[in-house]
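Note that these values count all heavy atoms, side chains included, but never hydrogens, waters or copies made by symmetry. Naming convention: chains lettered A, B, ... in sequence-line order (proteins, then strands); numbering from 1 in each chain.
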Protein chains: 2
Amino acid sequence: MQTIGQIIRTNRERKGLLLRQLAAQLDVDTAILSKIERSERKPTREQIFKLADIFKLDRDELLIQYLSEKIAYEIADEDVATRTLKVAEQKVRYLKSAKHGKV
Amino acid sequence: MQTIGQIIRTNRERKGLLLRQLAAQLDVDTAILSKIERSERKPTREQIFKLADIFKLDRDELLIQYLSEKIAYEIADEDVATRTLKVAEQKVRYLKSAKHGKV
DNA sequence: AACGAGTTGACAATTTGTGTCAAATGTAAT
DNA sequence: ATTACATTTGACACAAATTGTCAACTCGTT
(Lines give C-alpha, C1' and ligand atoms only; values in the text may rest on other atoms or scores of the structure.)
Protein backbone atom coordinates (compact mmCIF):
# COMPACT_ATOMS: atom_id res chain seq x y z
CA MET A 1 0.00 0.00 0.00
CA GLN A 2 1.77 3.12 -1.25
CA THR A 3 1.30 6.62 0.06
CA ILE A 4 1.15 9.61 -2.24
CA GLY A 5 4.52 10.60 -0.87
CA GLN A 6 6.04 7.28 -1.85
CA ILE A 7 4.51 7.48 -5.29
CA ILE A 8 6.03 10.91 -5.80
CA ARG A 9 9.43 9.90 -4.53
CA THR A 10 9.52 6.76 -6.65
CA ASN A 11 8.60 8.70 -9.76
CA ARG A 12 11.01 11.50 -9.03
CA GLU A 13 13.87 9.09 -8.60
CA ARG A 14 12.83 7.18 -11.67
CA LYS A 15 13.25 10.41 -13.61
CA GLY A 16 16.51 11.14 -11.83
CA LEU A 17 15.28 14.46 -10.51
CA LEU A 18 16.54 16.20 -7.39
CA LEU A 19 14.10 17.50 -4.84
CA ARG A 20 14.91 21.05 -5.78
CA GLN A 21 14.41 20.32 -9.47
CA LEU A 22 10.99 18.82 -9.02
CA ALA A 23 10.15 21.46 -6.43
CA ALA A 24 10.97 24.13 -8.99
CA GLN A 25 8.65 22.53 -11.52
CA LEU A 26 5.95 22.38 -8.91
CA ASP A 27 6.70 25.92 -7.82
CA VAL A 28 7.05 25.04 -4.17
CA ASP A 29 9.89 25.20 -1.69
CA THR A 30 12.16 22.16 -1.52
CA ALA A 31 11.32 21.82 2.14
CA ILE A 32 7.67 21.33 1.36
CA LEU A 33 8.26 18.72 -1.28
CA SER A 34 10.53 16.87 1.12
CA LYS A 35 7.77 16.87 3.68
CA ILE A 36 5.19 15.75 1.16
CA GLU A 37 7.31 12.79 0.11
CA ARG A 38 7.66 11.71 3.70
CA SER A 39 3.92 12.21 4.39
CA GLU A 40 4.63 15.02 6.82
CA ARG A 41 2.48 17.34 4.74
CA LYS A 42 -0.27 16.79 2.25
CA PRO A 43 0.03 18.12 -1.28
CA THR A 44 -2.62 20.48 -2.56
CA ARG A 45 -4.93 19.44 -5.34
CA GLU A 46 -3.10 21.72 -7.75
CA GLN A 47 0.17 20.04 -6.88
CA ILE A 48 -1.38 16.65 -7.51
CA PHE A 49 -2.40 17.67 -11.02
CA LYS A 50 0.98 19.16 -11.77
CA LEU A 51 2.64 15.96 -10.58
CA ALA A 52 0.39 13.83 -12.73
CA ASP A 53 1.35 15.91 -15.74
CA ILE A 54 5.06 15.89 -14.95
CA PHE A 55 5.16 12.15 -14.44
CA LYS A 56 2.57 11.41 -17.12
CA LEU A 57 0.36 9.62 -14.65
CA ASP A 58 -3.37 9.37 -14.96
CA ARG A 59 -4.83 12.46 -13.28
CA ASP A 60 -7.88 10.65 -11.97
CA GLU A 61 -5.82 7.81 -10.57
CA LEU A 62 -3.53 10.17 -8.68
CA LEU A 63 -6.49 12.21 -7.51
CA ILE A 64 -8.12 9.09 -6.15
CA GLN A 65 -4.96 8.20 -4.27
CA TYR A 66 -4.80 11.68 -2.87
CA LEU A 67 -8.42 11.97 -1.82
CA SER A 68 -8.65 8.46 -0.43
CA GLU A 69 -5.52 8.99 1.62
CA LYS A 70 -6.94 12.17 3.06
CA ILE A 71 -10.16 10.41 3.98
CA ALA A 72 -8.41 7.33 5.33
CA TYR A 73 -6.28 9.42 7.68
CA GLU A 74 -9.32 11.38 8.72
CA ILE A 75 -11.10 8.36 10.12
CA ALA A 76 -8.52 5.60 10.43
CA ASP A 77 -8.52 5.71 14.21
CA GLU A 78 -12.28 5.54 14.56
CA ASP A 79 -13.44 2.07 15.20
CA VAL A 80 -16.49 2.76 13.09
CA ALA A 81 -14.28 3.64 10.15
CA THR A 82 -15.34 0.92 7.77
CA ARG A 83 -19.04 1.27 8.39
CA THR A 84 -18.64 5.03 8.04
CA LEU A 85 -17.24 4.59 4.55
CA LYS A 86 -20.08 2.28 3.57
CA VAL A 87 -22.64 4.83 4.69
CA ALA A 88 -20.68 7.59 2.98
CA GLU A 89 -21.00 5.64 -0.25
CA GLN A 90 -24.76 5.56 0.10
CA LYS A 91 -24.85 9.26 0.84
CA VAL A 92 -22.68 10.04 -2.15
CA ARG A 93 -24.99 8.03 -4.38
CA TYR A 94 -27.93 9.89 -2.96
CA LEU A 95 -26.31 13.30 -3.39
CA LYS A 96 -25.35 12.52 -6.95
CA SER A 97 -28.82 11.36 -7.89
CA ALA A 98 -30.29 14.41 -6.18
CA LYS A 99 -27.99 16.63 -8.20
CA HIS A 100 -29.28 15.10 -11.39
CA GLY A 101 -32.79 16.02 -10.43
CA LYS A 102 -33.78 12.51 -9.49
CA VAL A 103 -35.35 13.49 -6.17
CA MET B 1 -31.71 9.74 3.24
CA GLN B 2 -31.69 11.86 6.38
CA THR B 3 -29.14 14.50 7.26
CA ILE B 4 -27.80 14.90 10.77
CA GLY B 5 -29.73 18.13 10.94
CA GLN B 6 -32.98 16.39 10.11
CA ILE B 7 -32.28 13.69 12.66
CA ILE B 8 -31.72 16.33 15.31
CA ARG B 9 -34.80 18.31 14.43
CA THR B 10 -36.99 15.23 14.34
CA ASN B 11 -35.78 14.09 17.72
CA ARG B 12 -36.06 17.55 19.23
CA GLU B 13 -39.63 17.89 18.10
CA ARG B 14 -40.43 14.40 19.24
CA LYS B 15 -39.36 15.47 22.71
CA GLY B 16 -41.25 18.74 22.37
CA LEU B 17 -38.17 20.83 22.99
CA LEU B 18 -37.66 24.36 21.76
CA LEU B 19 -34.48 25.28 19.95
CA ARG B 20 -33.35 27.34 22.91
CA GLN B 21 -34.01 24.51 25.32
CA LEU B 22 -31.99 21.99 23.40
CA ALA B 23 -29.35 24.61 22.68
CA ALA B 24 -29.03 25.21 26.42
CA GLN B 25 -28.53 21.50 27.04
CA LEU B 26 -25.90 21.43 24.33
CA ASP B 27 -24.35 24.62 25.64
CA VAL B 28 -24.44 26.38 22.30
CA ASP B 29 -26.15 29.46 20.98
CA THR B 30 -29.63 28.99 19.59
CA ALA B 31 -28.45 30.42 16.29
CA ILE B 32 -25.92 27.64 15.90
CA LEU B 33 -28.37 24.89 16.64
CA SER B 34 -30.77 26.40 14.15
CA LYS B 35 -28.05 26.34 11.55
CA ILE B 36 -27.06 22.79 12.38
CA GLU B 37 -30.61 21.56 11.96
CA ARG B 38 -30.82 23.18 8.55
CA SER B 39 -27.39 21.83 7.56
CA GLU B 40 -25.95 25.30 7.35
CA ARG B 41 -23.30 24.35 9.89
CA LYS B 42 -21.85 21.07 11.03
CA PRO B 43 -22.04 20.01 14.64
CA THR B 44 -18.82 19.26 16.46
CA ARG B 45 -18.04 15.76 17.61
CA GLU B 46 -18.74 16.74 21.21
CA GLN B 47 -22.14 18.01 20.23
CA ILE B 48 -22.87 14.74 18.48
CA PHE B 49 -22.17 12.80 21.65
CA LYS B 50 -24.24 15.14 23.78
CA LEU B 51 -27.09 14.76 21.34
CA ALA B 52 -26.87 11.01 21.37
CA ASP B 53 -27.07 11.08 25.15
CA ILE B 54 -29.94 13.54 25.25
CA PHE B 55 -32.00 11.62 22.72
CA LYS B 56 -30.84 8.21 23.90
CA LEU B 57 -29.54 7.32 20.49
CA ASP B 58 -26.69 4.94 19.86
CA ARG B 59 -23.50 6.98 19.99
CA ASP B 60 -21.77 4.98 17.28
CA GLU B 61 -24.74 5.20 14.98
CA LEU B 62 -24.93 8.95 15.27
CA LEU B 63 -21.18 9.25 14.93
CA ILE B 64 -21.32 7.24 11.73
CA GLN B 65 -24.01 9.51 10.36
CA TYR B 66 -21.95 12.53 11.26
CA LEU B 67 -18.65 11.31 9.87
CA SER B 68 -20.13 9.85 6.72
CA GLU B 69 -21.99 13.06 6.01
CA LYS B 70 -18.81 15.03 6.41
CA ILE B 71 -16.98 12.72 4.02
CA ALA B 72 -19.83 12.61 1.54
CA TYR B 73 -19.94 16.37 1.27
CA GLU B 74 -16.18 16.48 0.96
CA ILE B 75 -16.13 14.46 -2.23
CA ALA B 76 -19.67 14.40 -3.55
CA ASP B 77 -18.87 16.62 -6.48
CA GLU B 78 -15.84 14.65 -7.60
CA ASP B 79 -16.68 12.27 -10.33
CA VAL B 80 -14.22 9.80 -8.86
CA ALA B 81 -16.12 9.87 -5.58
CA THR B 82 -17.25 6.27 -5.44
CA ARG B 83 -13.92 4.79 -6.46
CA THR B 84 -12.24 7.10 -3.96
CA LEU B 85 -14.30 5.61 -1.17
CA LYS B 86 -13.47 2.08 -2.25
CA VAL B 87 -9.76 2.87 -2.18
CA ALA B 88 -10.17 4.66 1.14
CA GLU B 89 -11.62 1.44 2.54
CA GLN B 90 -8.55 -0.49 1.49
CA LYS B 91 -6.29 2.14 2.99
CA VAL B 92 -8.20 2.10 6.26
CA ARG B 93 -7.90 -1.66 6.43
CA TYR B 94 -4.19 -1.36 5.77
CA LEU B 95 -3.71 1.36 8.37
CA LYS B 96 -5.61 -0.63 10.95
CA SER B 97 -3.61 -3.75 10.37
CA ALA B 98 -0.40 -1.73 10.46
CA LYS B 99 -1.46 -0.27 13.78
CA HIS B 100 -1.88 -3.75 15.18
CA GLY B 101 1.67 -4.58 14.25
CA LYS B 102 0.75 -6.67 11.24
CA VAL B 103 3.16 -5.00 8.85
C1' DA C 1 -49.28 45.91 18.62
C1' DA C 2 -46.72 42.65 21.39
C1' DC C 3 -44.84 38.30 22.13
C1' DG C 4 -42.19 34.09 21.45
C1' DA C 5 -39.82 30.94 18.21
C1' DG C 6 -36.82 30.55 14.74
C1' DT C 7 -33.73 32.56 11.12
C1' DT C 8 -30.21 35.40 9.14
C1' DG C 9 -26.00 37.94 8.50
C1' DA C 10 -22.07 40.57 10.15
C1' DC C 11 -18.32 40.07 12.85
C1' DA C 12 -14.68 38.10 16.24
C1' DA C 13 -11.99 34.31 17.93
C1' DT C 14 -9.84 30.12 17.19
C1' DT C 15 -7.93 26.44 14.70
C1' DT C 16 -5.88 24.41 10.77
C1' DG C 17 -3.33 24.55 6.45
C1' DT C 18 0.28 26.35 3.66
C1' DG C 19 4.49 28.69 2.65
C1' DT C 20 9.21 30.78 3.82
C1' DC C 21 13.48 30.59 5.63
C1' DA C 22 17.71 29.31 7.93
C1' DA C 23 20.04 26.00 10.44
C1' DA C 24 21.06 21.10 10.99
C1' DT C 25 22.03 16.59 9.22
C1' DG C 26 23.60 13.27 6.04
C1' DT C 27 26.67 11.66 2.26
C1' DA C 28 30.15 11.38 -1.13
C1' DA C 29 34.44 13.03 -3.10
C1' DT C 30 38.86 14.94 -2.71
C1' DA D 1 38.75 16.24 7.79
C1' DT D 2 37.11 19.72 4.83
C1' DT D 3 34.24 20.90 1.12
C1' DA D 4 30.14 20.59 -1.60
C1' DC D 5 25.69 19.35 -2.33
C1' DA D 6 21.11 17.06 -1.19
C1' DT D 7 17.84 16.50 2.08
C1' DT D 8 15.60 17.20 6.55
C1' DT D 9 13.99 19.77 10.44
C1' DG D 10 11.88 23.31 13.09
C1' DA D 11 10.53 28.05 14.02
C1' DC D 12 7.83 31.43 12.34
C1' DA D 13 4.44 34.16 9.29
C1' DC D 14 0.47 34.36 6.62
C1' DA D 15 -3.92 32.80 4.81
C1' DA D 16 -8.03 30.11 4.86
C1' DA D 17 -11.50 27.57 7.14
C1' DT D 18 -14.23 26.62 11.41
C1' DT D 19 -16.65 27.87 15.23
C1' DG D 20 -18.85 31.06 18.25
C1' DT D 21 -21.29 35.65 19.54
C1' DC D 22 -24.60 38.89 18.92
C1' DA D 23 -28.23 41.78 17.26
C1' DA D 24 -31.63 42.46 13.98
C1' DC D 25 -35.03 40.34 11.32
C1' DT D 26 -39.19 37.33 9.87
C1' DC D 27 -43.15 34.80 10.84
C1' DG D 28 -47.05 33.23 13.22
C1' DT D 29 -50.13 33.79 17.33
C1' DT D 30 -52.74 36.23 20.61
Do the non-hydrogen side-chain atoms of A:L22 and A:T30 ever get within less than 4.5 Å of each other? no
Cation-aromatic face contact B:R45/B:Y66, 6.0 Å, 45 degrees: no
Distance check needed: C:dT7 C1' versus B:I36 CD1, whole Å only. 14 Å
Could you run through nucleotides 8-22 of chain C and give me one letter per nucleotide, 5' to 3': B if any protein heavy atom sits under 4.0 Å from the base, S if only the sugar-phosphate is that close, - if neither? BB--------BBBB-
Check: B:R12 and B:F55 side chains under 4.5 Å, non-hydrogen atoms: yes
Rounded to the Å, how far apart are B:L18 CG and D:dT29 P? 15 Å
Would you check if A:I7 and A:N11 make a side-chain contact, meaning some heavy-atom pair closer than 4.5 Å? yes
Heavy atoms of B:L26 and B:Q47 approach each other most closely as CD2-O, 3.9 Å
Rounded distance in Å - CD (B:E74) to C1' (D:dT18): 14 Å
Rounded interatomic separation in angstrom, taking CD from B:E37 and P from C:dA5: 14 Å
Heavy atoms, side chains only, cut-off 4.5 Å: are A:Q65 and B:V87 in contact? yes
Expressed as a whole number of angstroms, how long is the span from B:Y73:OH to D:dT18:C1'? 17 Å
Given atom NZ of B:K70 and atom P of D:dT18, what is their separation to the nearest angstrom? 10 Å
Please state how far atom CG in B:L33 lies from atom C1' in D:dT21, giving the value in whole angstrom units. 15 Å
Just call it for A:R45: base, sugar-phosphate, or nothing, with non-hydrogen atoms closer than 4.0 Å on any strand. nothing
